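Source: prediction; values computed, not measured. Every chain is numbered from 1, with letters handed out A, B, ... down the list of sequences.
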Amino acid sequence: MDAEDEATGHMIEEEEIYVNGGEDGDESKRHRPIISGEQLDIEAYAALYTGRTKISRLLFIAEKCGNASMQLDALRMAYDEIKKGENTQLFREVVAKIDGRLGPNYGPDNAWADAVDRRAELRKEKLENELNAYRTNLIKESIRMGYNDFGDFYFAHGQLGDAFKNYVRTRDYCTTSKHIVHMCLNAILVSIEMGQFTHVTSYVSKAEQSQDALDSITIAKLRCTAGLALLEGKKYKLAARKFLETGPDLGNSYTEVIAPQDVATYGGLCALASFDRAELKSKVIDNINFRNFLELVPEIRELINDFYTSHYASCLEYLGNLKANLLLDIHLHDHVETLYEQIRNKALIQYTHPFVSVDLHMMANAFNTSVSSLEKELEALITNNQIQARIDSHNKILYARHADQRNTTFQRVLQTGCEFDREVRSMLLRANLIKHEFNLKASRKH
Amino acid sequence: MLLEDPMRGVAPMLTALQKLQYSSEQLTTLHPDFLLLCLLAKCYKTGLSILEDDIFEVDQPRDFFLYCYYGGMICIGQKKFSKALELLHSVVTAPMSVLNAIAIEAYKKYILVSLIHLGQFSSSFPKYTSSVAQRNLKNFSQPYLELVNSYCTGKISELEAFVQANNEKFESDKNLGLVKQVVSSMYKRNIQRLTQTYLTLSLEDIANTVQLNSAKEAEMHVLQMIQDGEIYATINQKDGMVRFLEDPEQYKTCEMIELIDSSIQRIMMLSRKLTDMDEQLSCDPLYLGKAGRDRQRFDFDDFDTVPSKFTV
């Protein structure tokens with residue numbers, strides 16, 4: 001049944017894809033562990049995540065995708081997920097978004113919401129009393145547990161700021177490095193949900209300082225959150241390095257934040273956009289650890305291999321297919337354009353690098369574009385000095401241009417001579433002026 | 001002198017000047033007046049011949065400012081923009097304790113000439129500019145700095161619109177002619193940039209990229225630039241293509257060697273001057289007084305006969 005729906009959905013989507021092709025963020029595709037180019041299977045996608053991030057991702061998809069049925073699907077799953085938790089605020093939001101379109105089962109369930117709120121109040125009081133008791137007793141461990149429980153409580157109820165504050169308060173009561181790591185992980189989780197990635201970086205470094213309490217899974221977790229923070233900060237090269245260093249032990253243990261497919265995607269794309277050829281080969285293609293991740297997302301693996309072996313047309317085709325899905329990812333969506341542009345520029349530069357002359361028609365074929373648009377792109381790259389070449393617009397050929405060292409040296413010599421001449425003359429003049437002023441003042445004094 | 005007929009005064013002034021100077025490197029009070037006469041009489045060439053000599057000794061700062069300012073204007077008139085730039089630069093960066101109007105006017109012209117000649121303008125002053133100038137010059141030349149900004153965007157239409165809007169201001173400073181030259185230099189700048197990216201380009205494309213109206217205009221511009229020696233190209237009228245060539249200068253000819261040789265001579269002479277000046281300064285009593293005070297009182301290795309405190 002699902003497969004049928006998928007197939008029909010796929011066919012309808014196919015036309016929409018071409019129609020909406022140029023628009024930003026309105027495509028309803030996402031990479032999933034199966035072949036790309038098809039509509040995102042929301043259930044499979046959502047199954048990769050747990051906890052609050054699942055809900056936020058579903059809501060994001062609902063917001064960004066242009067397709068009403070997908071939207072409703074996403075909202076329905078979000079609704080179910082929220083009902084399992086205790087976040088009434090989010091519940092009300094989702095209900096408002098659904099707007100009764102999914103039928104009576106998915107309407108505003110005030111009874112449930114009130115019950116949850118009442119329970120929350122009671123629990124909060126209980127926690128407060130316990131915490132006060134612990135504080136009067138001054139038992140560090142219990143106070144720490146108390147604050148932790150408070151943090152968890154607030155997090156479950158969607159009050160992220162309070163949750164963060166409480167987690168951070170446990171810092172004063174941490175006695176072992178395990179506690180510190182625990183606190184850091186919680187703080188990181190909340191900061192990611194809040195979108196404050198500066199905190200993420202600081203807590204990651206704090207956690208990494210206590211080396212002894214870190215097992216390989218925690219290390220992997222810390223690495224990929226560091227990578228995530230760097231991605232948000234647009235430092236693609238460093239982010240790629242962090243993602244590539246994430247060990248395969250991550251597995252499915254960090255699904256409250258990130259899925260291993262994401263590690264592969266983010267790492268692969270950032271590496272492609274920012275690494276040079278040597279680094280790409282050594283760190284990505286030959287990296288055994290990362291290979292495990294790449295297995296989960298075969299398109300990215302194919303993409304990288306195509307780029308390395310200069311099959312640019314198919315590489316760019318994969319990229320194009322993946323694009324719409326990537327725009328639905330909450331961490332990647334605003335970086336997709338930049339990364340794509342960088343990858344495309346690198347492909348162009350790499351293509352022209354080994355040749356003395358390049359026929360623009362052949363190059364346009366290789367990149368699957370028209371000669372005039374290719375010419376414009378190349379012009380931009382030449383003006384930015386990323387390609388050293390000149391275009392013969394009449395015959396449509398690109399000629400590599402190697403600067404004549406001897407001539408440039410002569411030119412520079414003459415120029416330096418002139419400048420020196422000018423500078424020294426004006427200096428002597430100025431010194432003279434100052435001397436006269438000085439003399440004037442001196443003569444006035446006497 | 002200015003009996004409504006500056007032309008008559010030019011020749012006598014020239015002889016007077018030459019008689020008055022005791023060396024060709026000195027600036028007399030007559031210099032600025034002479035240059036003013038040349039400007040008014042529009043015989044720039046005579047003025048230019050005087051400007052050729054470098055000046056190293058100045059008696060009155062005011063003379064110097066006027067000299068450089070008028071000299072700059074003469075050079076602009078003769079289209080020797082690099083020399084004009086030098087002269088105006090000296091005015092702007094000269095040591096001064098109070099801001100004077102000459103410096104302000106010179107700064108405005110400096111901006112314009114810099115745009116025409118170099119295609120860019122950096123609004124940061126070099127370190128040796130007096131603080132008075134640094135603080136105040138920019139306030140007086142706001143429209144010019146905005147002109148720089150719109151020039152840097154590279155769009156002719158914006159530049160022209162800006163010039164239209166501020167026509168009266170430029171007019172009142174009598175800089176309108178220069179500003180028009182700035183606008184035309186923009187076309188040249190854009191065409192020059194094209195030589196960096198293209199080997200051959202059709203006249204149509206040039207016209208489109210540089211925002212000219214037709215291929216004919218583009219052809220005229222390119223032709224003019226080839227004649228002025230600003231770019232190296234050949235125009236193929238049959239297909240309407242322009243082929244950009246590399247600078248044919250091979251730096252192998254006798255003239256080039258002579259040029260390099262003369263530059264070396266000049267620089268040697270300049271460094272000799274520098275060492276002379278340095279020696280003079282180190283014997284100067286005021287300097288010794290100041291430097292002497294900072295010397296070590298108890299320098300065992302250095303027990304020479306120069307007293308540690310040297311007062312005049």
Side-chain angles (χ1 to χ4, degrees), chain A residues 357 372 375-376 378-385 387-442 445-446, chain B residues 25 27 54-61 64-65 68 82 85-87 89-90 93-97 126 128 130 193-202 205-206 209 236 239-244 246-247 249-252 256 259-260 263-264 266-267 270-271 273-274 276-277 280-281 284 286:
Chain A
S357 65
S372 44
E375 212 178 305
K376 290 216 168 37
L378 286 174
E379 193 185 327
L381 284 176
I382 295 176
T383 324
N384 285 339
N385 223 5
I387 300 185
Q388 266 82 40
R390 304 228 301 214
I391 303 178
D392 181 345
S393 182
H394 185 50
N395 303 326
K396 302 287 179 220
I397 303 184
L398 182 83
Y399 287 101
R401 174 208 211 185
H402 300 289
D404 187 348
Q405 289 284 20
R406 186 170 169 280
N407 278 358
T408 38
T409 317
F410 267 105
Q411 272 175 354
R412 269 216 313 268
V413 162
L414 283 174
Q415 202 185 3
T416 321
C418 283
E419 276 175 19
F420 180 78
D421 192 351
R422 211 174 39 212
E423 291 291 318
V424 171
R425 264 186 296 129
S426 49
M427 265 201 295
L428 287 173
L429 195 49
R430 272 196 302 275
N432 212 298
L433 277 172
I434 298 181
K435 191 164 79 158
H436 279 281
E437 263 184 48
F438 215 61
N439 279 350
L440 269 157
K441 283 194 201 146
K445 251 192 264 173
H446 296 280
Chain B
E25 295 172 356
L27 184 73
D54 303 323
I55 299 291
F56 288 121
E57 297 204 18
V58 182
D59 285 326
Q60 283 284 346
F64 171 70
F65 285 123
C68 285
S82 52
L85 213 55
E86 256 181 67
L87 286 166
H89 185 73
S90 341
T93 57
M96 49 179 144
S97 42
Y128 44 77
S130 67
R193 223 176 296 147
L194 286 176
T195 63
Q196 294 299 317
T197 39
Y198 286 95
L199 208 49
T200 64
L201 196 56
S202 69
D205 286 334
I206 297 184
T209 334
N236 186 337
D239 1 315
M241 277 285 163
V242 180
R243 196 180 174 83
F244 296 117
E246 293 277 353
D247 182 357
E249 180 61 65
Q250 281 298 318
Y251 299 101
K252 286 184 192 152
M256 190 45 72
L259 184 61
I260 298 182
S263 308
I264 297 179
R266 259 176 90 86
I267 294 184
L270 272 177
S271 43
K273 263 197 147 38
L274 260 180
D276 284 340
M277 199 162 197
Q280 262 188 355
L281 264 182
D284 189 73
L286 283 166

Practice problem: Quick one: list whatever passes side chain to side chain contact (heavy atoms under 4.5 Å, CB included) with A:Ser357, sequence neighbours left out. | Solution: A:Ile397, A:Tyr399
Practice problem: Would you name the heavy atoms of B:Thr200 and A:His394 that are closest together and state the gap between them? | Solution: OG1-N, 3.1 Å
Quiz item: For the candidates B:Arg243, B:Arg193, B:Glu86, which exhibits the highest count of non-hydrogen atom pairs separated by less than 4.5 Å from chain A?
Solution: B:Glu86
Self-check item: Point-to-point distance, once rounded to the nearest 0.5 Å, from NE2 of B:His89 to CZ of A:Arg422
Solution: 7.5 Å
Self-check item: side chain to side chain contact (heavy atoms under 4.5 Å, CB included) involving B:Ser202 - partner list, sequence neighbours excluded
Solution: B:Glu204, B:Asp205, B:Met241
Quiz prompt | Euclidean distance, A:Phe420 CZ relative to B:Ser271 OG, rounded to 0.5 Å | solution = 6.0 Å
Practice problem: Kindly compute the distance separating CG (A:Leu378) from OH (B:Tyr198), expressed to the nearest 0.5 Å. | Solution: 8.5 Å
Quiz item: Which answer fits A:Glu423, side chain, backbone, both or neither, if we ask what part of it has an atom under 4.5 Å from a heavy atom of chain B?
Solution: side chain
Quiz prompt | Value rounded to 0.5 Å, distance of NZ in B:Lys273 from CE in A:Met427 | solution = 13.5 Å
Exercise. Could you grab the distance from atom CD of A:Glu375 to atom CG of B:Leu201, nearest 0.5 Å is fine?
Key: 8.0 Å
Quiz item: Which residues, numbered in order, of residues 411-419 of chain A come under 4.5 angstrom of chain B by heavy-atom distance?
Solution: A:Gln411, A:Leu414, A:Gly417
Quiz item: What option among A:Ile382, A:Ile387, A:Leu398, A:Asn407 has the most heavy-atom pairs under 4.5 Å with chain B?
Solution: A:Asn407
Exercise. Please name all residues satisfying side chain to side chain contact (heavy atoms under 4.5 Å, CB included) with A:Thr383, sequence neighbours left out, ordered by chain then number.
Key: A:Glu379, B:Thr197
